[in-house]
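Notes follow once the structure below has been shown.
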Amino acid sequence: AEADAPQELTDGFHLVIDALKLNGIETIYGVPGIPITDLGRMAQAEGIRVVSFRHEQNAGNAAAIAGFLTKKPGVCLTVSAPGFLNGLTALANATTNCFPMILISGSSEREIVDLQQGDYEEMDQLAIAKPLCKAAFRVLHAEDIGIGVARAIRAAVSGRPGGVYLDLPAKLFSQVLDAAKGERSLVKVIDPAPAQLPAPSAVKRAMDLLKSAKRPLIVLGKGAAYAQADDEIRQFVEKSGIPYIPMSMAKGLLPDNHPLSAGAARSTVLKDSDVVVLVGARLNWLLSHGKGKQWGEPGSKKFIQIDIEPKEMDSNVEIAAPLVGDIGSVVSALLAGIDSSWPGVPAEWTETIKAKKDANISKMAAKLGKNSSPMCFHTALGALKQVIKERPDAILVNEGANTLDLARGIIDMYQPRKRLDVGTWGVMGIGMGFAIAAAIETGKPVLAVEGDSAFGFSGMEVETICRYNLPVCIVIFNNNGIYRGTDMDPTGRDPGTTVFVKDSRYDKMMEAFGGVGVHVTTPDELKRAVDEAMDSGRPTLINAVIDPAAGSESGNIGSLNPQSVVVRK
Ligand code: ADP
Ligand code: MG
C-alpha cells in the first residue's frame with residue numbers, strides 16, 4: 001500500500017551541502033576528521049570542489065582570500081576543538097582584513113559540553129569564536145540548516161565584509177528529515193550585499209572640499225580592490241586627474257606605471273597633500289593613523305573617506321567629509337561631480353610629484369639590474385619584477401619581512417587583485433593558503449615570493465599544491481634566517497634565535513612530492529627558472545640563495561620593536 005512506500009528522506013549532511021550549493025558556494029577548503037569527514041566526502045560527490053589541506057590555518061587562509069577574490073564567502077571546514085582553533089586564527093585574520101569567510105566547524109555534543117563532562121574534543125566553540133569574528137551562529141536542528149547557512153552568508157558579505165563562524169554539532173549531521181520538507185527549509189540569499197548609496201548632501205560636501213584642494217591625493221586601499229568597481233575607480237582618477245597611491249593589495253587597480261600613480265613619491269604626497277580621499281583604506285598603523293611626521297604639519301590635511309562601515313569615520317583623526325556607502329556607488333556619485341565645474345589639479349602639484357617619482361624610480365633601477373651572486377633582495381626582485389611585467393595576469397603572493405617590504409615597492413602590478421599579501425596584521429603564514437586558493441579560484445598562474453621564515457609557517461602545503469597539481473611557483477628568498485642569517489647565541493650554546501639550518505635546500509621538499517625543485521644563485525638563473533615554471537604550469541619551488549648578511553631587522557617596520565635601555569654584561 002501507499003502508506004508503506006519508503007518515504008524520501010534527507011539529513012543534516014545533505015542539507016548543509018544543498019544549502020551551500022543553492023547559494024553558489026562551489027569550493028570548500030578544509031581538513032577532514034571527526035565529525036565532518038563524511039560531509040567532505042559527500043560534498044565532493046555532489047560536485048562541490050573540496051580542497052583538503054594539511055593544517056586548518058592554511059585552509060582558512062585559502063577560504064579568506066577566496067572571499068577577497070570573488071566577493072562570495074570562502075568556506076573553511078574543520079573538525080572540533082583543535083581543528084577549530086587552528087581555523088579560528090584565519091577567521092580572525094579574515095575579519096581584521098574585511099574578507100568574507102565562513103568557518104564551519106563540527107563540534108561535540110551540547111549536552112556534554114555545557115555540563116563540562118569531558119567529551120571528545122570538548123570545547124564551547126561558539127563562545128570562543130564570538131569575539132574574534134563578525135558573527136557566530138549554531139544550528140541545532142536539521143530544519144534550521146537552511147536559515148543558518150543563509151545568515152552566515154549574509155553576515156559575511158553585507159556591509160563591511162568579515163569572518164563568520166558556523167557551529168555544527170556532530171549530532172546534527174545524521175538528523176533525518178522528510179526530503180520535501182528539507183528542500184523547503186533551504187534559503188537562497190537574495191541580494192546578499194545590497195548597494196549602499198551615499199546621501200546626496202554627503203556627496204556635495206565631499207565634492208566642494210575636493211574642488212577647493214590645491215594638492216589633492218587619492219589613497220586606494222584593499223577595500224577598493226575588493227569592491228570590484230575597477231572601471232569607476234579608474235575613471236574617477238583619470239577624469240579628475242588626481243594623483244593616487246595604492247596600498248599594497250590595491251596595487252594594480254590602476255597599473256603601477258600609470259602617469260597618475262604617485263607610488264614612487266609616497267612620502268612626498270603623504271606629507272604635502274592638502275585633501276586626501278581614502279577609498280577603502282583605513283587610517284590604521286599602515287598609514288600612521290593619519291597623523292604625525294609622515295603626514296606633514298598638524299592641521300595641514302583634510303580627509304574625505306569612502307567606507308561602507310560608518311564607525312570607521314573619525315577612528316583616528318577628524319574626517320571632514322565622510323562618504324558612507326559601497327565604493328561602486330560612492331565613486332559613481334563622485335564621478336558624476338567631475339563635470340565642467342571641475343577645476344582640475346594644479347600643474348605645480350603634479351609636476352612636483354613627477355619630478356620626485358622620476359628621481360626615485362631611476363635611483364631604484366640602478367640597484368635592480370645587476371646579475372650578482374650571491375643575490376641580495378634587490379637583484380633577486382629585479383628578476384621577478386621583469387617576470388610580472390611580462391605576465392601581468394599572474395597572481396603574486398608575497399610574505400616575509402624584507403622580502404615583503406622590498407617586493408611591494410619593486411614589483412609593479414598591472415591588473416586588479418593580483419597582489420595578495422600579509423594584510424592588515426602583517427601576519428606570516430598566509431603564503432601557501434593564499435597561493436592555493438588563488439590558483440583554484442582564478443585558474444591563473446601564481447608566483448609566491450616567500451621569505452624563508454614566512455614559508456615555514458605553511459610550507460607543508462607544498463604537498464597539497466602537488467596533489468592538486470596547481471600552477472604555483474614558489475620562490476624562497478633563502479638568507480638562512482629571520483631578517484638575516486647571521487645571528488649567534490652569545491653564550492655559544494645554540495644557534496642564534498633568528499637563524500635556520502644554513503644553506504637549506506627547500507627545493508628538495510618539492511621534489512619529495514613530485515613537484516619541480518630548482519636551486520638558483522643568480523638573478524639570471526632565477527628568471528629562467530620562474531619562466532620555465534610558469535610556462536609549464538607545474539608545481540615548482542625555487543630555492544633562491546640570498547646573501548645571509550642582506551636584510552634589516554623587521555624590514556621596514558623595525559621601529560615597532562621595543563628597545564631595552566638596560567645593558568647587561
Ligand atoms: P588597506 O589595508 O589596503 O589600507 P583596509 O583593509 O585598511 O585597506 O581598508 C579596507 C576598508 O574598505 C575597510 O574599512 C572596509 O570597511 C572597506 N570596504 C570593504 N569593502 C567595501 C565596499 N564594497 N565598499 C566600501 N567600503 C568597503
Ligand atoms: Mg630570511
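Computed from a predicted model, the values in this text were never measured in an experiment. Ligands are counted one by one from 1 in listed order, and the atoms in each one are counted from 1 as well.
Proximity to Gly325 (heavy-atom distance under 4.0 Å) selects the following atoms of ligand 1: 24 (N), 25 (C). Set against the non-hydrogen atoms of Asn284, the atoms of ligand 1 under 4.0 Å away are 7 (O). Contact atoms of ligand 1 toward Cys98: 13 (C), 15 (C) (distance under 4.0 Å to a heavy atom of the residue). Numbered from 1 in the order shown, with element, the atoms of ligand 1 that lie under 4.0 Å from a heavy atom of Tyr226 read 20 (N). Each of the atoms 3 (O) of ligand 1 lies under 4.0 Å from some heavy atom of Gly221. Short contacts between ligand 1 and Ala227, defined as distances under 4.0 Å to a heavy atom of the residue, involve ligand atoms 23 (N).
The environment of NZ in Lys302 is sparse: at most 12 heavy-atom neighbours from other residues, nucleotides or ligands sit within 6.0 Å. In this structure, Lys502 places its NZ atom where more than 12 heavy-atom neighbours from other residues, nucleotides or ligands lie under 6.0 Å away. Open room surrounds CD1 on Ile190; 12 or fewer heavy atoms of other groups in view lie less than 6.0 Å from it. Heavy atoms from other residues, nucleotides or ligands lying under 6.0 Å from CD of Glu553 number more than 12.
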Inset, instruction - For side-chain hydrogen bond (donor to acceptor under 3.5 Å, both in side chains), just list the numbers for Asn93 and Thr96, CA-CA rounded to whole Å, side-chain angles, deciding distance to a tenth of an Å, and then say yes or no. - result: CA-CA 5 Å; Asn93 188 51; Thr96 300; 5.4 Å; no
Inset, instruction - Take Ile474 and Met510, measure what side-chain contact (heavy atoms from CB on, under 4.5 Å) needs, and give me the verdict at the end. - result: CA-CA 10 Å; Ile474 305 155; Met510 204 59 165; 4.3 Å; yes
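Not a single N or O atom of Asp326, backbone or side chain, sits closer than 3.5 Å to an N or O atom of ligand 1. The N/O atoms of Asn97, backbone and side chain alike, include none that comes under 3.5 Å of an N/O atom in ligand 1. Taking any N or O of Glu312, backbone or side chain, none lies under 3.5 Å from an N or O belonging to ligand 1.
In terms of protein heavy-atom proximity, atom 19 (C) of ligand 1 is closest to Gly223 CA, 3.8 Å. At the shortest separation from atom 14 (O) of ligand 1 among protein heavy atoms lies Asp307 OD2, 2.5 Å. Given atom 7 (O) of ligand 1, the protein heavy atom at minimum distance is Arg282 NE, 2.9 Å. Counting protein heavy atoms only, atom 4 (O) of ligand 1 is closest to Met247 CG, 3.3 Å. Here the protein heavy atom with the shortest distance to atom 24 (N) of ligand 1 is Ile327 N, 2.9 Å. Nearest protein neighbour of atom 3 (O) of ligand 1, counting heavy atoms only, is Lys222 N, 2.6 Å.
The aromatic rings of Trp295 and Phe303 sit perpendicular, their planes meeting at an angle over 60°, well past the 30° parallel limit. Classification of the His258-Tyr244 ring pair by plane angle, with boundaries at 30° and 60°, yields perpendicular.
Across Thr424, Asp421, Ile308, Leu220, heavy-atom proximity to atom 26 (N) of ligand 1 is greatest for Ile308. Here the shortest heavy-atom distance to atom 10 (C) of ligand 1, taken over Pro246, Ala225, Gly280, belongs to Gly280.
Ala250 does not count as a contact of ligand 1, since none of its heavy atoms falls under 4.0 Å from the ligand.
Proximity of Ala281 to ligand 1, defined as any heavy-atom pair under 4.0 Å, is shared by backbone and side chain alike.
Look at Asn479 and the Mg ion (ligand 2): an N/O/S atom of the residue is under 2.8 Å from the metal. Residue side and main chain included, Gly481 places an N/O/S atom under 2.8 Å of the Mg ion (ligand 2).
A salt bridge links Asp393 to Lys444: at least one charged side-chain nitrogen sits closer than 4.0 Å to a carboxylate oxygen. With salt bridges taken as basic N to acidic carboxylate O contacts below 4.0 Å, none links Arg234 and Asp230. Using a 4.0 Å cut-off between charged nitrogen and carboxylate oxygen, Asp503 and Arg505 do not count as a salt-bridge pair.
When the options Thr522, Thr379, Asp547 are evaluated for a side-chain hydrogen bond (donor to acceptor under 3.5 Å, both in side chains) with Ser372, the one that passes is Thr379.
Nearest N, O or S atom of Asp452 to the Mg ion (ligand 2): atom OD1.
A cation-pi contact, defined as under 6.0 Å to the ring centre and within 45° of the axis, links Lys71 to Tyr226.
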